[in-house]
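Here is how names work: the chains are called A, B, and so on, in the same order as the sequence lines, proteins then strands, and each is numbered from 1. Everything quoted here is computed from the prediction, not taken from an experiment.
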There are 2 protein chains.
Amino acid sequence: MVNSQTAGVNSQAADRQPVPPSGAGPGPGAGPGGRGRGRGRPRSFDRETALEKAVLAFWEHGYEATSVSGLTEVMGIGAPSLYAAFGDKRSLFEEVVNAYGTRYGSFCGRALAEEPTARAAVERLLREAAAEYTEPGRPHGCLIIHAATNCTTPEVEASLRARRNADIAAVEDRIRAGVAAGELPADTDTAALARHTGAMLQGMSQQARDGAARQELEALAELATRIWPRP
Amino acid sequence: MVNSQTAGVNSQAADRQPVPPSGAGPGPGAGPGGRGRGRGRPRSFDRETALEKAVLAFWEHGYEATSVSGLTEVMGIGAPSLYAAFGDKRSLFEEVVNAYGTRYGSFCGRALAEEPTARAAVERLLREAAAEYTEPGRPHGCLIIHAATNCTTPEVEASLRARRNADIAAVEDRIRAGVAAGELPADTDTAALARHTGAMLQGMSQQARDGAARQELEALAELATRIWPRP
DNA sequence: GCGTTTCCCTAACGGTCGCTACAGAAAAAA
DNA sequence: TTTTTTCTGTAGCGACCGTTAGGGAAACGC
């Protein structure tokens, strides 16, 4: 009665893949949209640009407070185009979170991977977070931390929570590697140090949202590194 | 056309005062509601009990995600009774925040006021926060920190933000007093220490929401105090 | 040119939101 | 008792939510 179709899930099988695994470069076809060759009319908007707008919207207002009509407005497309290109709101948000991670959150992984010691890695992580969280011209703080607190959709909340805990686990892995390498005492409480790093990141993100300036967050980062065992 | 009344603000001038400044004790009249003597039918529910339920609901789900229908359900009253007793959703939330502060957040002010030194005050503040934020049988974390992030009503978000910043300012006042008393070096960066304390509280609150146990938060609190100038 | 395929726009769906008119019930005051 | 005042339950308001038919319009392969 409500939906006389098969099961009313989704009738049009649009492309909807997060990112087509095309070869290197911007891909074939310089036209707008340009996702290789299709049979019919090509998309009239740039998917990546629209996704970036969605990232900024979700980043600033969070999952719930960002309405689909608000999304269509900032993305410059109609609701049916949004649903055809990204699926429903949740899958768009999922894609947004991934895009955020690669475009804005990559400094975390880089700091952990590129620095020679665990201590230097965490120091750089916190220092760069102070800058990232207060970068002018974009929302302050971290999307992963703030976009899905107090959410009526528990799965969304749980997904970001899992991401946060995974990030802390990554820090702990790096610290453990430092202990194994002999940089840190063998009895170092790696879990506590990692959790402390995560708590500092989360506190800094909240402070950034509450109006703290970059210098203040950097002072915070500097303070936080004092707890480490003397080198 | 929409509202043929005067301005449609509020027709019934119910009592709606947050807490009647009655004398000490539970007040006159042991009956349910018992707000002195009124002329008509007395309220059939206990206002304080209902408010406490609202505190827990807002605490757990936040301002936006707590619907009025959800509130009426947990409070055990109908929507008109809620509006007559507490005004609209926002003023109820305001009252909830105040009630939370006096019933669950008072440990902050006590720690700052009762300890002999600034360092001991902050240490106790963090240690007790670890316990408060993970207390079984009630929502984890802090309502002030989490109930109005990503809010479609900017005033509500701003109100809690102001409260957080005021709390940090209170910590800084205590630290400054410690400097003035000679407990701490005269060149102590009081603002940074206070902000660090606030960031730790916020990080601990988020960790509590993300599933951290009391012991883990206590380890965090212990770590955080290492940054203080040696006594 | 053709037909086909896909996209975009308008409009609307059912559901929930915060909020309230209205009438009836209940208790205090007379 | 009667009168007056207030509370409570039903039922519904308009607005917005996320989501989707359905009908042109546009660009492809041929």
Side-chain angles (χ1 to χ4, degrees), chain A residues 1-16 28-29 31-47 50 61 63-73 75-93 152-153 156, chain B residues 1-16 28-29 31-47 50 61 63-73 75-93 152-153 156:
Chain A
M1 180 183 281
V2 176
N3 214 332
S4 57
Q5 294 278 39
T6 57
V9 197
N10 255 329
S11 42
Q12 24 183 351
D15 55 344
R16 200 168 306 171
R35 62 180 212 295
R37 67 262 158 144
R39 274 272 274 178
R41 169 182 177 182
R43 187 178 288 128
S44 68
F45 60 94
D46 181 32
R47 197 180 187 280
H61 303 110
Y63 178 77
E64 300 268 350
T66 305
S67 68
V68 173
S69 66
L71 284 168
T72 61
E73 197 168 337
M75 296 166 86
I77 60 178
S81 302
L82 189 154
Y83 278 84
F86 299 101
D88 62 0
K89 188 185 175 186
R90 263 184 61 186
S91 55
L92 169 58
F93 182 70
T152 49
T153 317
V156 175
Chain B
M1 182 181 283
V2 176
N3 213 330
S4 57
Q5 294 278 38
T6 57
V9 196
N10 256 327
S11 43
Q12 23 182 352
D15 55 343
R16 201 169 306 171
R35 64 177 212 297
R37 68 259 157 147
R39 270 275 269 176
R41 170 182 178 182
R43 188 177 288 126
S44 69
F45 61 93
D46 181 35
R47 195 180 189 280
H61 302 111
Y63 177 76
E64 299 269 348
T66 305
S67 68
V68 173
S69 66
L71 284 168
T72 61
E73 195 169 336
M75 296 166 85
I77 61 179
S81 302
L82 188 154
Y83 279 85
F86 299 101
D88 62 0
K89 189 187 176 187
R90 265 184 59 185
S91 54
L92 168 59
F93 182 70
T152 50
T153 317
V156 175

Visitor: Judged by each residue's nearest nucleotide on DNA chain C, which is more toward the 5′ side, R90(B) or A79(A)?
Guide: A79(A)

Visitor: Quick one: L92(B) CG to dT20(C) P, roughly how many Å, whole number?
Guide: 14 Å

Visitor: Quick check for you: to the nearest 0.5 Å, what is the distance between F86(B) atom CZ and I77(B) atom CD1?
Guide: 6.0 Å

Visitor: Could you list all N or O pairs between the protein and nucleotides 1-5 of chain D that sit under 3.5 Å apart?
Guide:
unit_1	atom_1	unit_2	atom_2	d
dT4(D)	O3'	R39(B)	NH2	3.4

Visitor: So, does R90(B) use its side chain to make a donor-acceptor pair with the main chain of V156(B) at under 3.5 Å?
Guide: no

Visitor: Rounding to a whole Å, what distance do you find between Y83(A):OH and dG22(D):P?
Guide: 18 Å

Visitor: Pick the closest DNA chain D nucleotide for G76(B) and for Y63(A) by heavy atoms, then say which residue is nearer the 5' end.
Guide: G76(B)

Visitor: So which nucleotide from dC17(C), dT8(D), dT20(D) ends up closest to the side chain of S44(B)?
Guide: dT8(D)

Visitor: Whole Å only: how far is the CZ atom of F93(B) from the P atom of dC19(C)?
Guide: 14 Å

Visitor: Within the 4.0 Å heavy-atom criterion, would you say T72(B) contacts the bases, only the backbone, or no part of the nucleic acid?
Guide: nothing

Visitor: Go through dC19(C), dG18(D), dC8(C) for me and flag the one nearest to the F45(A) side chain.
Guide: dC8(C)

Visitor: NE2 of H61(A) versus P of dC16(D): gap in Å, rounded?
Guide: 16 Å

Visitor: Calculate the interatomic distance between D46(A) atom CG and dC7(C) atom C1'; express it in whole Å.
Guide: 16 Å

Visitor: Rounded off to whole Å, could you give me the CG-to-C1' distance for the L82(B) and dC7(D) pair?
Guide: 14 Å

Visitor: Under 4.0 Å between any heavy atoms, over every strand shown, what does V68(B) touch: base, sugar-phosphate, or nothing? Just pick one.
Guide: sugar-phosphate

Visitor: To the side chain of S81(B), which of dC17(C), dT10(C), dT8(D) is closest?
Guide: dT8(D)

Visitor: Which atom pair, heavy atoms only, marks the closest approach of Y63(A) to K89(A)?
Guide: O-NZ, 3.0 Å

Visitor: Using a heavy-atom cut-off of 4.0 Å across all strands, would you classify T152(B) as base, sugar-phosphate, or nothing?
Guide: nothing

Visitor: Under the 6.0 Å and 45° cation-pi test, does R43(B) pair with F45(B)?
Guide: yes

Visitor: Taking only residues two or more places apart in sequence, or in another chain, which ones meet T153(A) in a side-chain hydrogen bond (donor to acceptor under 3.5 Å, both in side chains)?
Guide: none

Visitor: Rounded off to whole Å, could you give me the CD-to-P distance for the E64(B) and dT16(C) pair?
Guide: 18 Å

Visitor: dC7(D), dC17(C), dG9(D): which one has an atom nearest the side-chain heavy atoms of S69(B)?
Guide: dC17(C)

Visitor: Identify the two heavy atoms, one from T152(B) and one from A65(A), that lie closest to each other, and give their separation to 0.1 Å.
Guide: CG2-CB, 3.5 Å

Visitor: Tell me: CE of M75(B) to P of dG9(D), nearest whole Å?
Guide: 14 Å

Visitor: Among the nucleotides dA21(D), dA27(C), dT10(D), which one has an atom lying closest to any side-chain atom of P42(B)?
Guide: dA27(C)

